[in-house]
2 protein chains.
Amino acid sequence: MASDHTRSAILTAAERLYADRGFSDVTLRDIVAEAGVNLAAVNYHFGSKDELIAELFVTRSIATNRERLRELKAAEEQGGGRAPIEVILRALVGPTLRGCLGPENQRSTAARFMIRASIESVPPIRRIKNREIDHLRKFAGAMRRALPERSDVDIYWGLNFALAMAHHTIRESERLTKLSEGKCDLDDVEDVVARVVSVATMALTAGKAETKAAARVAAR
Amino acid sequence: MASDHTRSAILTAAERLYADRGFSDVTLRDIVAEAGVNLAAVNYHFGSKDELIAELFVTRSIATNRERLRELKAAEEQGGGRAPIEVILRALVGPTLRGCLGPENQRSTAARFMIRASIESVPPIRRIKNREIDHLRKFAGAMRRALPERSDVDIYWGLNFALAMAHHTIRESERLTKLSEGKCDLDDVEDVVARVVSVATMALTAGKAETKAAARVAAR
DNA sequence: GATAGTTTCATACAACTGTTTGAATTGCAA
DNA sequence: TTGCAATTCAAACAGTTGTATGAAACTATC
């Protein structure tokens, strides 16, 4: 492999264009024009368009997951194999939120790309996301150790809701800003993380009976 | 307008195909074949492919929103202009969840279509969703009346998290089932509604200071 | 039953897509 | 320098897409 110049030029250009304009209206011709390389180079270096997209997503995805696990491991080691639930949740949603939110003008291309990937959900990316389950299982395990009295069902629902709040906030950040007329400050990432972690923690630690009963009463 | 036969045959076929196979790999030719009508009929009756998709989505979307507002209004009238927060949240997420979840084999085409729309997010649908803000404002108003001591910011975050949990659970229902090895029963819609409402209520009613402080402590 | 308006139809259009080809070029090793 | 493999390139390919056209068939009105 001589110099990788063409290969990485394609990756850079593709990530930028996808981030800016979305997957559905960026063609290979747009990408090679931006990268200043020949059209055939994409298929030569990546095999296909989908494999290019997959490589882009996998790279970023691995980085996030590594950061998540790093935080989780650090927390569990510090607590002798058992970390507080807040810290586990923070390790789960923190890296994603930090990677995607923050002041728009200083948002990295990688961040904007991941937001796109979260909004548009194109086939090659969906395939990769489906393999994320093993990764999530590690968090489910840590959560179970942190809350041994909780049922598995409650753990999974808590995990689901934590991811829900993080991802939805990323996906719909624009709408939330508009709806709240700017009152919700999505640039203050640590505040967002704190809010998500706080609510998810409540979801997981609230009195068992109380939780479901109260809601059912409301249903009447 | 003679009989609408062709027009509604197209709508039915399109909704079914989009629901089953997604937007990206269903072409107009697939739709007219399924509907047993001529290719040109789509452009004749709807103007364009995007307008067909928009009509499908708007129809279902209006139905859900109407149901939401009906429940909200009923609750507020019963409470003399002020409904309990749980009931408001139930009106917000209940219709959507009931419309999309439930036993898979008895899930309506409309339900499966709306799940697709929530997963794939194609341009004409995104445009419509952006106009949903006015609708959400009505819920924000009701929530503000129910919790007058809460700040607007907290209200909007609570609204955001409630929608997050509902939509994410719909989008990722398959993954949650797989992750939990079937332990999370997504066919029990009323249980899902209760869980979402319960957590969202906690998010909105938890002690102000406590909430953020606790999470910040975890951050250390 | 002629007429005007609507609807259907087969067909063509024009553009764009990702991919392939085979020749030209480059760069490194012998 | 020669030879060989890796890379780049222009060009074409093969297929698909949504849309437009103009004639034919139908429908209701008078």
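Source: prediction; values computed, not measured. Throughout, protein chains are lettered first and strands after them, A, B, ... in sequence-line order, and every chain is numbered starting at 1. What you see below is based on every heavy atom in this structure, not just the backbone, and it leaves out hydrogens, waters and symmetry mates.
One atom, CD1 of A:Ile53, and another, C1' of C:dT17, lie 13 Å apart when rounded to the nearest Å. Taking atom CD on B:Glu51 and atom C1' on D:dG18, their separation rounds to 13 Å, with Å as the unit. Nucleotide D:dT16 holds its C1' atom 15 Å from the CG atom of A:Leu28, rounded to whole Å. In this structure, B:Asp25 atom CG and D:dG18 atom P are separated by 11 Å, rounded to whole Å. Rounded to an integer number of Å, the gap from B:Arg29 CZ to D:dG15 C1' is 11 Å. Atom CG in B:Asp50 sits roughly 10 Å away from atom P in D:dG18 (whole-Å rounding). For the pair A:Tyr44 OH and D:dA5 P, the computed distance is 13 Å after rounding to whole Å. Atom-to-atom, CZ of A:Arg7 to P of D:dA6 comes out at 16 Å; the value is rounded to the nearest Å.
Looking at residues 35-43 of chain B, you'll see B:Leu39, B:Ala40, B:Asn43 sit with a heavy atom under 4.0 Å from some atom of DNA chain D.
Applying the 4.0 Å criterion to OP1 and OP2 of D:dT8, one finds that A:His45 has a side-chain N or O inside that range.
Partners of B:Glu67 by salt bridge (Lys or Arg N to Asp or Glu O under 4.0 Å), not counting sequence neighbours, listed by chain and number: B:Arg70. With sequence neighbours excluded, the residues forming a side chain to side chain donor-acceptor pair (under 3.5 Å) with A:Arg112 are A:Asp20, listed by chain and number. Among residues two or more places apart in sequence or in another chain, the salt bridge (Lys or Arg N to Asp or Glu O under 4.0 Å) test is passed with B:Asp30 by B:Arg21. Residues satisfying the side chain to side chain contact (heavy atoms under 4.5 Å, CB included) test with A:Thr12, not counting sequence neighbours, are none. Under the rule for a side chain to side chain donor-acceptor pair (under 3.5 Å), the partners of B:Lys183 that lie at least two apart in sequence or sit in another chain are A:Asp152.
Each of A:Asp30 and A:Gly47 was matched to the nucleotide of DNA chain C holding its nearest heavy atom; the match closer to the 5' end belongs to A:Asp30.
Taking a 6.0 Å sphere around CD of A:Glu132, one finds it holds more than 12 heavy atoms contributed by other residues, nucleotides or ligands.
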